[in-house]
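A quick note: this is a predicted structure, and the numbers were derived from the prediction, not measured. So that the names make sense, note that chain A is the first sequence line, chain B the second, and so on, each numbered from 1.
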Protein chains: 2
Amino acid sequence: MVNSKVDRRVKYTRMVLKESLMKLLNEKPINTITVKELCALADVNRSTFYSHYSDQYDLLSKIEEEIIHDMNDTLMSYNVTQNEDALVMIEKIVEYIAANSDSCRILLSENGDPSFRNRLMMIAHDYTMKTSMNQNMMIDEEMTEYASWFAVSGSIHVLESWLKNGMNKSPKQMAEMINHLINKGLASFKA
Amino acid sequence: MVNSKVDRRVKYTRMVLKESLMKLLNEKPINTITVKELCALADVNRSTFYSHYSDQYDLLSKIEEEIIHDMNDTLMSYNVTQNEDALVMIEKIVEYIAANSDSCRILLSENGDPSFRNRLMMIAHDYTMKTSMNQNMMIDEEMTEYASWFAVSGSIHVLESWLKNGMNKSPKQMAEMINHLINKGLASFKA
DNA sequence: TGATAAAACAACATCGTGTCCATTATAATT
DNA sequence: AATTATAATGGACACGATGTTGTTTTATCA
């Protein structure tokens with residue numbers, strides 16, 4: 001156990017700082033949040049903060065790092081093969097986001113961090129495109145790249161809206177819809 | 001002429017401040033830009049800055065406002081009817097972005113402003129969805145909303161990449177590709 | 001050219017910042 | 001339980017950006 005070597009006080013300090021920053025991000029953008037007020041909310045001395053993080057942005061990126069890493073691990077554990085259907089992969093991603101909806105909702109919101117969105121897109125790109133896109137050859141190399149990002153960006157934004165709407169559909173429903181939109185576009189929704 | 005009533009000095013001050021902020025945004029994110037350095041670059045007194053804008057973010061939003069307003073006007077002038085093909089509307093939007101590629105590239109980049117992206121998406125949403133989506137009835141109200149945002153977000157992101165790549169395709173090519181992706185998805189690109 | 005208004009200049013208090021160090025409190029170890 | 005180690009606190013500090021104010025200089029407009 002590597003984790004057990006970390007002092008309990010350190011664990012608590014980092015945890016409460018992360019929680020407090022997320023609370024503040026739920027109310028206002030990062031650029032209006034000061035280290036001072038963050039520490040006041042967390043009831044942590046400002047000196048202590050600086051012994052862990054260089055500033056608000058550093059703390060935010062650490063929070064994101066944690067989620068991204070955790071998500072990667074989770075997806076890795078499914079050990080998806082090239083042949084497996086892309087729909088399964090999309091489902092796994094949606095389910096992970098659902099399981100971490102609070103954090104994801106905040107980080108993807110108006111007050112969130114665009115770079116988190118980008119990192120998430122990179123993961124989605126890797127995990128879905130490898131399986132679905134490469135199955136068939138595409139006409140144009142550059143166009144393929146554009147098409148791939150179109151799908152990923154659209155998907156992520158749909159999930160952002162979904163989180164904002166309190167997850168009014170099941171993860172399975174969302175995954176199926178996204179899969180349809182990616183592969184067949186709006187045509188698949190026309191009556 | 002309403003514009004001619006504005007003092008030349010005021011015009012110059014605002015112009016040079018806008019230009020300077022864009023230059024800085026081309027190099028680093030807004031949260032690392034100070035009013036002090038912005039004024040130094042623009043060679044404008046800090047007091048003068050404050051008589052026009054409350055802070056960097058205010059100035060940035062004014063810049064965005066200008067582009068958004070201008071874009072709306074441009075699109076309005078085409079007076080697109082409900083029946084007109086969505087492809088035409090997409091072309092107009094792509095062409096506008098191409099004509100203002102420098103500003104749009106910066107504002108949509110890593111150092112740009114997410115809210116500009118959102119405003120752009122609102123416009124694209126209004127101008128394309130009204131024409132294309134409503135032509136056919138959709139199955140589910142909520143799903144229609146999701147599908148619409150999927151298309152818009154994907155499209156904007158593709159255009160972001162396109163700008164970043166130095167516009168290696170023609171606006172017409174991009175518009176056609178986007179139109180295909182929206183309506184037929186990846187299926188339309190498979191060999 | 002004279003009236004008007006904007007920009008520049010200088011000075012100011014304020015606030016958050018980042019970094020000290022000494023002290024206190026708490027966890028880990030024996 | 002006592003000891004050791006180390007994390008957190010509290011206070012102080014200089015520093016720089018901020019936002020404001022009043023005065024002077026400069027440019028514009030009519």
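- No more than 12 heavy atoms of other residues, nucleotides or ligands shown are found within 6.0 angstrom of CG on A/Asp43.
- Taking only side-chain nitrogens and oxygens, A/Arg8 comes nearer than 4.0 Å to OP1 or OP2 of C/dA28.
- In this structure, the OH atom of A/Tyr53 is 19 Å from the C1' atom of C/dT17, given to the nearest Å.
- Residues satisfying the salt bridge (charged side-chain N to carboxylate O under 4.0 Å, His left out) test with B/Arg105, not counting sequence neighbours, are B/Asp102.
- Between A/Glu160 and A/Arg117, at least one side-chain nitrogen of the basic residue sits less than 4.0 Å from a carboxylate oxygen of the acidic one, meeting the salt-bridge criterion.
- Spacing between atom CD of A/Gln56 and atom C1' of C/dG16 amounts to 10 Å, rounded to whole angstrom units.
- Each salt bridge (charged side-chain N to carboxylate O under 4.0 Å, His left out) pair with one or both residues in residues 147-159 of chain A, not counting sequence neighbours, would appear here, but there are none.
- Between the C1' atom of C/dA7 and the CZ atom of B/Arg14 lies a distance of 13 Å, rounded to the nearest Å.
- Overall bending of the helix from C/dT1-D/dA30 to C/dT30-D/dA1, expressed as the angle between end axes built from five pairs apiece, is 40° (10° steps).
- Applying a 4.0 Å cut-off to non-hydrogen atoms, the residues of residues 17-51 of chain B that approach DNA chain D are B/Thr34, B/Val35, B/Lys36, B/Arg46, B/Ser47, B/Tyr50, listed by residue number.
- By the 30° and 60° cut-offs, the orientation of the rings of B/Trp149 relative to A/His157 is tilted.
- Scanning for side-chain contact (heavy atoms from CB on, under 4.5 Å) contacts around A/Arg14 gives A/Val10, A/His52, A/Tyr53, with sequence neighbours left out.
- For B/Asp58 and B/Lys62, the salt-bridge test passes: some basic side-chain N is under 4.0 Å from an acidic carboxylate O.
- In this model, the phosphate group of C/dA7 is approached by a side-chain N or O of B/His52 to a distance below 4.0 Å at OP1 or OP2.
- Ranked by how close their nearest DNA chain D nucleotide is to the 5' end, B/Arg9 and B/Ser54 are led by B/Ser54.
- Every residue two or more places apart in sequence or in another chain that forms a ring-ring contact (aromatic ring centres under 6.0 Å, His included) with A/Phe150 is listed here: B/Phe150.
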